[in-house]
Amino acid sequence: MPETHPHKSAANTKSSTARRFTLRPPGETPKPTIRKNSRAAAVQTMSENYLVVTDHETLHLACDQLRQAEAIGADCETTELDPHDGDLRLLQLSVPNQTFIFDFHKLPPNPDTYRPVKLLLEDTRRKVISHNSKFEQKWLKHKLGIELQTIFDTQLAGTLIDYSVSHNLENTAKKYLNLTLDKSLQTSNWQGELSEEQLQYAARDAQVLIPLREAMIPHLVQNGLVRVAQLEFEAVAVLADIELNGIFIDREMWASHLALVLHQHEIISRELQQILAAGARQTTLFGETDINLNSHPQILSALKQMGVPLESATRENVLLPLKDEYPVVAKLLDYRGVEKNVSGYGQNWLDSIKISTDRVHPDFTQIGAPTGRTSCSNPNVQQVPTTKEYRQCFRAPAGRSLVITDYSQIELRILAQLSQDPGLLHAFRSGADLHRMTASHVFNVPPDQVAKEQRDFAKRLNFGVVYGIGAQRLSNMTGTPLEEAEATLTKYFATYRQLDEHLRAAAQDAVNNRSCRTMSGRLVRYNFDPSDRQAVSSVRRQGRNAPIQGTGADIFKRSLRLVYDALRGTSAQIVNIIHDEIVVECGQDDAQAISEIVSAKMTEAATEYITDVPMLAEPAICKEWVKG
DNA sequence: GTGAAGGGCCAC
DNA sequence: AAACGTGGCCCTTCAC
């Protein structure tokens, strides 16, 4: 946890052992890459004071000295971005008066050599500061078996304080220390003999971290972000682990489904081209050549010429009502479906499988949304279609199982907690079916006589409310007239009056405060022009939604850490996370026990925030990523 | 050639 | 701009 009163480091006074080090004479130090200003001067002086560690004895001495500090700045230089692909070249560890650069190309490869480093960095009494700590954690864990325990991540801290700007080390040092860093050597060659400039650069990136943390702590404290910072810091190790683990994909299964889709794509493309050519060839601007089926302007103009009543959009929901009357529209929808599969879920996924692990290793952005949700890319394993053909390709390797656990209706339960609406509270406490109950009220029928369509309608209504749905959208969504949609919403909020009041207040607070908070204290800011009505209503909707979505993210991140800790030493590893779902892979004989641990820990995390509604995490043991 | 912008659509 | 929130990825178009 970032301390409110950072105390002076014990390492401010040089230990006697330090004298034995041969420090580089100042004359040999290259021109500093840091420009002068008042605060830069201190860091610049320090950056001359570094020592490259290339032997076992010096390593011990370095660790002795570093041990005296309460916080250590840590940074890595590597030959690749992914630990599976390259070498950890340097580890720079910095305390206020000294920086050590461990050169792993020169140090003996014996793992025992690094034991003092492991003891040093895994000691929970000492905070390890880094910028984008996930990177350091992945490399240290994969290459040296070191797991950082107590961290301060200056990038995450910066993001919590202000989501709206990017937080690379350069920006962050400028903002908090008014320090201008030159990052041009970041992508230099860290393979061979390193220049003085490179070593200087490496040392400086670690040295800046301690003053940076001290400059950030008051901002965290003043903004009430200490709890959420701790929450985020504790989740880093989990995301690092998930990225390292990767998730197994059955290549052959994926490829065989892809072959099928490619075949369909070919057929449907030809059919669509034929329909279009017959109906619109004479009048298209594109002469005899085929229309590019992926070009919206070309498709739009062709459809218009064929008499399809369209404005400017050709989205699915616009086309859907037209598909029965116009075969070309139906064919286009078919085409869009296969095209999406080919372009989004085809060869690109096979290409992203890492040869050395047979898995995909995505990148997670820990605070990927201002609400605190994590985002994912390269590839985005949070957007795999839920259809069986795709999900079954994500399966447990031989002898292992998947334990898939997700929260049951977490956002609606959070909404019940936040609003304290008696109807919602009662529904969840009694274990009643909320959607059925809502339908019962909205349609004025006894709960046991609610029809399936009515329940489905109520379900969409309940979820729509979380997003701040309006009558217009509800009308479009459900195909009911606007007046009826308005009446439905009126009825809905008459049923859940306290919910209505809560959401109105949340919307107004977001506008008045230009911000809102989640239950961990996470701050979501809004910058908008109060005279812009559209902007104001947008902020109102965000203000209703962000505390709900964001508290979901808080709970989920807490659960990640609890689950991760509880699974340590077992056969289980987390392989994917999707906002309210954790996918764990484990030995098949352990699956039952693991599933109980995971759901217990997820429930425990939720209960730390949600006290008035039962929180359920439902596990399933599967061979494939398909629940049930 | 490169990159932003817009449309569309996948997930929760 | 479907006045329902949060993302990422793919494709085309268009400006530089």
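Just so it is clear, the structure is predicted and the values come from calculations on it, not from any experiment.
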Considering only distance and modelled atom types, tabulate donor-acceptor pairs under 3.5 Å from the side chains of residues 465-472 of chain A, sequence neighbours left out.
none

**Residues A:N462 and A:H435: side-chain donor-acceptor under 3.5 angstrom** = yes
What does the list of N/O pairs under 3.5 Å between the protein and nucleotides 12-14 of chain C look like, with a distance for each?
from: C:dT12; atom 1: OP1; to: A:N292; atom 2: ND2; distance (Å): 3.1
from: C:dT13; atom 1: OP1; to: A:S295; atom 2: OG; distance (Å): 2.9
from: C:dT13; atom 1: OP1; to: A:Q298; atom 2: NE2; distance (Å): 3.3

**Asked** If you round to the nearest 0.5 Å, how far is CG of A:L239 from NZ of A:K138?
**Response** 10.0 Å
**Request:** Name the nucleic acid region contacted by A:T374, choosing base, sugar-phosphate or nothing; use a 4.0 angstrom heavy-atom cut-off, strictly under.
**Result:** nothing
**Prompt:** Does a donor on one side chain sit under 3.5 Å from an acceptor on the other, for A:T159 and A:Q155?
**Reply:** no
**Request:** Can you tell me, in whole Å, how much space there is between the C1' of C:dA2 and that of B:dG7?
**Result:** 15 Å
**A:K601 and A:S559: side chain donor to acceptor below 3.5 Å** = no
**Item:** Modelled atom types, side-chain donor and acceptor of A:N292 and A:Q298, under 3.5 Å
**Value:** no
**Prompt:** For the side chain to side chain contact (heavy atoms under 4.5 Å, CB included) test, which of A:T603, A:I582, A:I555, A:L616 pairs with A:Y407?
**Reply:** A:I555
**Request:** Could you list the residues that satisfy salt bridge (Lys or Arg N to Asp or Glu O under 4.0 Å) with A:D509, not counting sequence neighbours?
**Result:** none
**Prompt:** Which residue, A:N576, A:V575, A:I574, forms the side chain to side chain contact (heavy atoms under 4.5 Å, CB included) with A:I242?
**Reply:** A:I574
**A:Q549 versus A:T371, side-chain donor and acceptor atoms under 3.5 Å** = yes
**Fill in**
Footprint ends on DNA chain B, 5' to 3', for atoms under 4.0 angstrom from a heavy atom of chain A, come out as B:dG7 to B:dC12
List, with names and distances, any nitrogen or oxygen atoms from the protein found under 3.5 Å away from nitrogen or oxygen atoms belonging to nucleotides 4-10 of chain C.
from: C:dC4; atom 1: OP2; to: A:G470; atom 2: N; distance (Å): 2.4
from: C:dC4; atom 1: O4'; to: A:Y467; atom 2: O; distance (Å): 3.3
from: C:dG5; atom 1: OP1; to: A:R541; atom 2: NE; distance (Å): 2.6
from: C:dG5; atom 1: OP1; to: A:R541; atom 2: NH2; distance (Å): 3.1
from: C:dG5; atom 1: N2; to: A:R373; atom 2: NH1; distance (Å): 3.1
from: C:dG5; atom 1: N2; to: A:R373; atom 2: NH2; distance (Å): 3.4
from: C:dG5; atom 1: N2; to: A:Q549; atom 2: NE2; distance (Å): 3.4
from: C:dG5; atom 1: N3; to: A:Q549; atom 2: NE2; distance (Å): 3.4
from: C:dT6; atom 1: OP1; to: A:Q542; atom 2: OE1; distance (Å): 3.3
from: C:dT6; atom 1: O4'; to: A:Q549; atom 2: OE1; distance (Å): 3.1
from: C:dT6; atom 1: O4'; to: A:Q549; atom 2: NE2; distance (Å): 3.0
from: C:dT6; atom 1: O2; to: A:R373; atom 2: NH1; distance (Å): 3.4
from: C:dG7; atom 1: N2; to: A:Q383; atom 2: NE2; distance (Å): 3.2
from: C:dG8; atom 1: OP1; to: A:S375; atom 2: OG; distance (Å): 3.1
from: C:dG8; atom 1: O4'; to: A:N380; atom 2: ND2; distance (Å): 3.0
from: C:dG8; atom 1: O3'; to: A:C376; atom 2: O; distance (Å): 3.4
from: C:dG8; atom 1: N2; to: A:Q383; atom 2: NE2; distance (Å): 3.2
from: C:dG8; atom 1: N3; to: A:Q383; atom 2: NE2; distance (Å): 3.3
from: C:dC9; atom 1: OP1; to: A:N378; atom 2: N; distance (Å): 2.7
from: C:dC9; atom 1: O4'; to: A:Q383; atom 2: OE1; distance (Å): 3.4
from: C:dC10; atom 1: OP1; to: A:N348; atom 2: ND2; distance (Å): 3.0

**Prompt:** With a 4.0 Å cut-off on heavy atoms, is A:R544 in touch with a base, just the backbone sugar-phosphate, or nothing at all?
**Reply:** nothing
**Prompt:** For A:V384, which contact category applies under a 4.0 Å heavy-atom criterion: base, sugar-phosphate, or nothing?
**Reply:** sugar-phosphate
Would you give me the side-chain donor-acceptor pairs under 3.5 Å for residues 319-331 of chain A, sequence neighbours excluded?
from: A:Y326; atom 1: OH; to: A:G307; atom 2: O; distance (Å): 3.4
from: A:K331; atom 1: NZ; to: A:E271; atom 2: OE1; distance (Å): 2.7

**Message:** What contact category does A:A313 fall into here, base, sugar-phosphate, or nothing, at under 4.0 angstrom with non-hydrogen atoms?
**Reply:** sugar-phosphate
**Request:** Please state the P separation for the pair C:dA1 and C:dG5 - nearest whole angstrom.
**Result:** 11 Å
**Message:** Base, sugar-phosphate or nothing for A:E316? Non-hydrogen atoms, less than 4.0 Å.
**Reply:** sugar-phosphate
